[in-house]
Amino acid sequence: MSIKLYISLFFIFFCSSLTSFAQNTEELYSQARTAAFESKNYTLAKQLAKSAIQKSPDYLDIRIFLGRLYTWDKQIDSARMVFQQVIQQKADVEDVYIAYANLEFWNDNSEKALILSNQGLSYFPSSVELAILKAKFLNDLNKWAEADQVISEVINMHPKQTEARALAARIRENSSANRIGVNYGFVSFDKQFADPWHLTSLDYSRQTSIGSIIGRINYANRFNSHGVQYEVDAYPRLSDTFMAYISAGYSPNLGVFPQTRAGFSLYANLPKSYEAEAGFRYLQFGDNTWIYTASLGKYVKSFWFNLRTYLTPSSGQVGQSFTFTTRYYVGGTDDFLSLGLSTGLSPDDQRNVVLINASSYKFQSNGLTLAYRRSIKSFHVINLKAGWTNQEYQKDTRGNFIELGVGYIRRF
């Protein structure tokens, strides 16, 4: 047999071995992923991943996956060791910093997670996922101004990044320790009332270590009467996922405002940029009115969608109100156009609150609202609103009213 023939046979055998070797590695990796994601069998997945690593020690994707498996199986020290081995072997692998930083964050070590995200960004400065993680860690460390700067840069570069926009909405509320807001609303009726309504509010918000606290004074001129209402709202953070809303209000001018009001909701930031809320509102006009509310929101690229319902049990019946709201973001968190479609009366709207009671709440009402919100140099925010509502204010008798509103917020 000639030397050329020996060389050819050796080359064919060598290539076939490499192909078989690679195929076996990929098959083991695929089987490990199937065991983890479909069967939730992390023990089998780890065994398969280790077998694949023995065949291909330099296949770093499998090593990182093994680290994730240890993370999910609460074997934190083993996960850290795997991620550190990958970084020692090859420092410029984006996915290892994402996996390692998430491991530390999930185990209440946001300082270490921030260090890892910065380390990853030094190799991959354009990484959207690492930048979002950095903003999340800064937010958790109460470094809200830095978090706002990071997430704003992501949104400016990638305006349709859904996860970034959902996170930015939470960070922006925390980014300034103080906020003052003033709002004015004008409501004109074609039939129901001869005189227009004037509604004004002044509020001050302070960011604390547990969440924001807001004090508010409302003034109204309606039914040819004047009145004021005093309110306090709080948004305590319960965890990275949950936040509460607690509200209480009092007015000495019953009729213009309810004498007392209260509210509570639990908010949840869910995976895939979903938001959910459930809670109640209480109003006292002489009689007690309990209203239950729930909502579901979702960020999709530059849009935010929200569907909310209010349910009011009374006299063996349940009054219902539904509101669908969508926002289209034209810039940062405070720059959007909004469209709202509603049926029924919302107790969270000062325009409606005196009309809600056991009898009138069941009347038919349909409305449309357009709004525009714009930030100026981040610290100044203006709001403009226009709305139309067709409302049944007596049985089989309808009227229209138009609302115009303007507001200003100053952060500092």
Side-chain angles (χ1 to χ4, degrees), residues 148 151-162 164-176 179-189 196-205 212 214 216 218-220 233 273 275 277 295 297-308 322-343 345-346 348-353 365-391 400-412:
D148 184 57
I151 206 66
S152 294
E153 290 174 358
V154 173
I155 291 174
N156 288 336
M157 295 291 292
H158 306 277
K160 296 183 179 180
Q161 224 298 330
T162 299
R165 197 168 290 285
L167 177 61
R170 300 194 294 272
I171 292 174
R172 176 53 62 90
E173 291 302 313
N174 299 329
S175 61
S176 298
R179 188 184 74 176
I180 292 177
V182 60
N183 290 277
Y184 169 73
F186 172 85
V187 185
S188 178
F189 302 85
W197 290 357
H198 302 273
L199 310 170
T200 304
S201 68
L202 176 67
D203 63 79
Y204 168 72
S205 173
S212 62
I214 304 169
R216 183 182 300 107
N218 300 310
Y219 165 82
D233 297 339
S273 303
E275 302 173 335
E277 176 201 352
S295 72
K298 166 73 173 175
Y299 286 90
V300 181
K301 295 184 178 179
S302 296
F303 289 90
W304 176 73
F305 302 99
N306 182 271
L307 180 63
R308 174 180 293 277
F322 297 94
T323 302
F324 174 77
T325 305
T326 182
R327 295 174 184 168
Y328 175 70
Y329 288 89
V330 294
T333 306
D334 287 316
D335 302 286
F336 59 80
L337 295 166
S338 175
L339 169 66
L341 303 173
S342 63
T343 177
L345 301 178
S346 163
D348 280 347
D349 190 333
Q350 286 292 342
R351 178 195 64 194
N352 295 328
V353 72
S365 176
N366 299 291
L368 180 149
T369 302
L370 298 173
Y372 176 64
R373 183 166 170 137
R374 178 71 177 178
S375 64
I376 303 171
K377 296 183 178 180
S378 297
F379 296 102
H380 305 270
V381 182
I382 58 171
N383 301 287
L384 301 173
K385 181 170 68 172
W388 165 85
T389 300
N390 178 263
Q391 183 175 299
N400 299 297
F401 62 82
I402 295 174
E403 178 189 16
L404 301 175
V406 61
Y408 169 73
I409 296 171
R410 174 67 167 94
R411 291 190 171 97
F412 59 98

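Positions are given from 1, in the same order as the sequence printed here.
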> Checking N306 side chain against T325 main chain: does a donor-acceptor pair fall under 3.5 Å?
Replying inline: no
>> Using 30° and 60° as the class boundaries, would you call the ring planes of Y184 and H198 parallel, tilted or perpendicular?
In response: parallel
> What pair of heavy atoms forms the shortest contact from I155 to A168, and how long is it?
Replying inline: CD1-CB, 3.5 Å
>> The test is side chain to side chain contact (heavy atoms under 4.5 Å, CB included); show your working for H380 and R410 and say whether it passes.
In response: CA-CA 5 Å; H380 305 270; R410 174 67 167 94; 3.3 Å; yes
> Which heavy atom of Y408 sits nearest a heavy atom of N383, and at what distance?
Replying inline: N-ND2, 4.4 Å
> Once you round to the nearest 0.5 Å, how far does CZ of R374 lie from CD1 of I382?
Replying inline: 8.5 Å
>> Nearest 0.5 Å, please: how far is NE2 in H158 from OG in S302?
In response: 12.5 Å
>> salt bridge (Lys or Arg N to Asp or Glu O under 4.0 Å) for R411 and D334? Distances and angles first, verdict last.
In response: CA-CA 12 Å; R411 291 190 171 97; D334 287 316; 2.8 Å; yes
> How long is the gap from CD1 on I151 to CG on L167, to the nearest 0.5 Å?
Replying inline: 4.5 Å
> Does some side-chain heavy atom of D148 sit less than 4.5 Å from a side-chain heavy atom of R172?
Replying inline: yes
> Is the F305 ring parallel, tilted or perpendicular to the F324 ring (thresholds 30°, 60°)?
Replying inline: parallel
> Can you tell me if CZ on F186 sees more than 12 non-hydrogen neighbours from other groups inside 6.0 Å?
Replying inline: yes
>> Just so I know, are the side chains of L339 and L370 near enough to count as touching, which here means a heavy-atom distance under 4.5 Å?
In response: yes
> Considering all heavy atoms of both residues, which atom of F303 and which atom of T326 are nearest to each other, and what is their separation?
Replying inline: CD2-OG1, 4.0 Å
>> Keeping T343 on the side-chain end and S365 on the backbone end, is there a donor-acceptor pair under 3.5 Å?
In response: yes
> Can you tell me if T162 uses its side chain to pair, donor with acceptor, with the backbone of K301 under 3.5 Å?
Replying inline: yes
>> Distance check, rounded to the nearest 0.5 Å: S342 atom OG versus R308 atom CZ?
In response: 13.0 Å
> Relative to Y299, does R165 satisfy both conditions: NZ or CZ under 6.0 angstrom from the six-membered ring centre, and within 45 degrees of the ring's axis?
Replying inline: no
>> Within the 4.5 Å heavy-atom criterion, are Y329 and P159 side-chain neighbours or not?
In response: no
> If every non-hydrogen atom of A386 is compared with every non-hydrogen atom of L404, which pair is closest and at what distance?
Replying inline: CB-CD2, 3.9 Å
> Taking it one step at a time, do N218 and D203 satisfy side chain to side chain contact (heavy atoms under 4.5 Å, CB included)?
Replying inline: CA-CA 9 Å; N218 300 310; D203 63 79; over 6 Å; no
>> Would you compute the distance between atom CZ of F401 and atom CG of N390 and round it to the nearest 0.5 angstrom?
In response: 9.0 Å
>> Applying side chain to side chain contact (heavy atoms under 4.5 Å, CB included) to V381 and R179, what does each step give before you reach the verdict?
In response: CA-CA 11 Å; V381 182; R179 188 184 74 176; over 6 Å; no
> For the residue pair N183 and G407, what are the closest heavy atoms and their distance?
Replying inline: OD1-CA, 3.4 Å
> Side chains of T369 and E403: closer than 4.5 Å at any heavy-atom pair?
Replying inline: no
>> Just verifying a value: how many Å separate T333 OG1 and R170 CZ, rounded to the nearest 0.5 Å?
In response: 10.5 Å
